[in-house]
**Q** 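Have a look at this one before I ask anything.
In listed order, ligands and their atoms are each counted from 1. Position 1 is the first residue of the sequence, and the numbers go up from there.
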Amino acid sequence: MKIRELHVQKFRNHTQTDIVFGGGINAILGENGEGKTNLLEAISYLCLTKSFFGSADGIVLQVGETRFEVSGELETDSGLRYHVAVGYNHADGDKRFFINKSPLERFSEVVGLFPVVVLSPESGAITTGGPVDRRRFLDFVISQASKVYLEDLLEYRRVLRQRNRVLFDGKVNRLDCSDLLEPWDEELIDRGARITRRRGVFLKELDPIIHDSYSRIAGRAEKPTIHYQPSVAHEEGISEEDLRGRFRQDLKRKSSEEKRLGLTLVGPHRDELELAINNLGLRSHASQGQHKTFLIALKMAEFLYLQNKRNERPILLLDDIFTELDSQRSERLLALTRSVGQAFITATSDRVFSADFDWAETNKRFFVCKGTVGHAKAASITN
Ligand SMILES: Nc1ncnc2c1ncn2[C@@H]1O[C@H](COP(=O)(O)OP(=O)(O)OP(=O)(O)O)[C@@H](O)[C@H]1O
Ligand SMILES: [Mg+2]
């Protein structure tokens, strides 16, 4: 997948930005606060209909304006072209997404169509944050690879909300809500068991790719592992029927506690991933550099996994990632990036690229200044 052109109107500090990208590395350069990350965020709207930071539409809308639009030309690896546009109107909160001028009924239809992998300072939460950050990673990747998973996930969340409301009302009004819970339980179990199974399969597939990506950046002395800790016990090969049975039993066992707390305590919304290097927990033992290397390996693995599943190379967005890496790891990462397809890399200087880096047709440099974009001249940015 490649983005050929990007057009941004009244989005963050970009009043009107039009860019024709190269098919390889696109370096987006400029001082702090000039609008580099904002461009990646605009690309995220194009590929995912929303900000990868989770910013609301009203926040990314340029201050004082009433409507933004992001549009562009995308091309698949097989040469298929898409014109994509997303527009937002603040007055009525109306947001629309168009592919080849046809409006989409549901935004979830876009997920996975234009696969994208994002590595930004915010991604650090995957290794340093709480379980919810790791579940978000799982869901983001698997959803891009599987429509069925995304549907299960959306439905599971809906059922969970309803079930939690019943439990909460029961708690507040001191009523036994067992009868009201019943209609939600089977749906929760059904969707939840499928999500658990799919996560288990995904992590199994990811395991060898993570090893490979990690050793490519850090050598073979360190061995990374991801251990899945599902809320409902899951092991390879377990049938869906058995998994549902376990789910049902766990719900029964936790029933009185759930009623006391007014919350659903069993299910994939309580899964955790344990990340480790050489069997030492990442959160408790790893250095900052190891965190970062693990994260890059995860993102590389995500890239290769999606490429494999979709038969399409994802777009790679690298926001500000070279700052904390030593020069050897930076070089290896850049070499990896060059081999993957189209990538967008923000940096305050082009020093991360070697002096003889080939800035020809496919690799391009752009210079961002106060929300406007020009072609960078080496002399203006290297000192
Ligand atoms: N909704 C908005 N409307 C107008 N300007 C905005 C809006 N949101 C953010 N900005 C401006 O965008 C700028 C930040 O842009 P961005 O985050 O892309 O910077 P950057 O070039 O990535 O900087 P850094 O190198 O520090 O990461 C700030 O000047 C901020 O005031
Ligand atoms: Mg930035």
**Q** Apply the salt bridge (charged side-chain N to carboxylate O under 4.0 Å, His left out) test between E75 and each candidate in R81, K2, R313; give the one that qualifies.
**A**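 Only one option passes, and that is R81.
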**Q** Within the stated cut-off of 2.8 Å, is an N/O/S atom of T346 closer than that to the Mg ion (ligand 2)?
**A**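 No.
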**Q** Counting each atom of ligand 1 from 1 as listed, which ones have a heavy atom of E34 under 4.0 Å away?
**A** 19 (O), 20 (P), 21 (O)
**Q** How far is atom 3 (N) of ligand 1 from its nearest protein heavy atom, and which residue and atom name does that atom have?
**A**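 Going atom by atom, the protein heavy atom closest to atom 3 (N) of ligand 1 ends up being V63 N, 3.0 Å.
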**Q** Are L61 and ligand 1 in contact, using a heavy-atom cut-off of under 4.0 Å?
**A** yes
**Q** Using a 4.0 Å cut-off to any heavy atom of N38, which atoms of ligand 1 qualify?
**A**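 The atoms of ligand 1 under 4.0 Å from a heavy atom of N38 are 12 (O), 13 (C), 14 (C), 15 (O), 16 (P), 17 (O), 18 (O).
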**Q** Is it true that F114 and Y82 have ring centroids separated by less than 6.0 Å?
**A** yes
**Q** Looking only at distances, can you tell me whether any N or O atom of T348, backbone or side chain, sits closer than 3.5 Å to an N or O atom of ligand 1?
**A** no
**Q** Which protein non-hydrogen atom lies closest to atom 25 (O) of ligand 1, naming both residue and atom, and how far is it?
**A**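 Protein heavy atom at minimum distance: K36 NZ, 2.7 Å.
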**Q** State whether any protein heavy atom lies less than 4.0 Å from atom 30 (C) of ligand 1.
**A**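 Protein heavy atoms within 4.0 Å of atom 30 (C) of ligand 1 - there are none.
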**Q** Is the terminal nitrogen or CZ of K95 (NZ for Lys, CZ for Arg) located under 6.0 angstrom from the six-membered ring centre of F107 and within 45° of that ring's axis?
**A** yes
**Q** Quick test: of every protein heavy atom, which one is nearest to atom 11 (C) of ligand 1, and how far off is it to 0.1 Å?
**A** N13 CB, 4.0 Å
**Q** Does G33 have a non-hydrogen atom less than 4.0 Å from ligand 1?
**A** yes
**Q** With a 4.5 Å heavy-atom cut-off, do I43 and I3 have their side chains touching?
**A** yes
**Q** D320 and K36: salt bridge (charged side-chain N to carboxylate O under 4.0 Å, His left out), yes or no, with the steps?
**A** CA-CA 9 Å; D320 226 359; K36 303 183 297 295; over 6 Å; no
**Q** Indicate yes or no: does an N/O atom of Q62 lie under 3.5 Å from an N/O atom of ligand 1?
**A** no
**Q** So how far is it from R197 CZ to R244 CZ, rounded to the nearest 0.5 Å?
**A** 9.5 Å
**Q** Mark yes when over 12 heavy atoms from residues, nucleotides or ligands other than K10 sit less than 6.0 Å from its NZ; otherwise mark no.
**A** no
**Q** Non-hydrogen atoms of E31 versus ligand 1: any pair closer than 4.0 Å?
**A**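 E31: in contact with ligand 1 (<4.0 Å).
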**Q** Please list the nearest protein heavy atom to atom 26 (O) of ligand 1 with its residue and the distance rounded to 0.1 Å.
**A**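 That would be N32 ND2, 3.2 Å.
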**Q** For ligand 1, which atoms, with element, lie under 4.0 Å from some heavy atom of T37?
**A**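 Per the distance check, 17 (O), 18 (O), 20 (P), 22 (O), 27 (O).
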**Q** Does I59 have a non-hydrogen atom less than 4.0 Å from ligand 1?
**A**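 I59 counts as a contact of ligand 1 under the 4.0 Å cut-off.
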**Q** May I ask you to say whether R163 pairs ionically with E258, meaning some side-chain N is under 4.0 Å from a carboxylate O?
**A** yes
**Q** I want to know whether Y45 and F11 have ring centres closer than 6.0 Å.
**A**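 Yes.
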**Q** How close do S231 and D250 get, counting heavy atoms only, and between which atoms?
**A** O-OD2, 4.0 Å
**Q** Nearest protein heavy-atom contact for atom 9 (C) of ligand 1: which residue, which atom, what distance?
**A**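 Checked against all protein heavy atoms, atom 9 (C) of ligand 1 sits closest to R12 CD, 3.7 Å.
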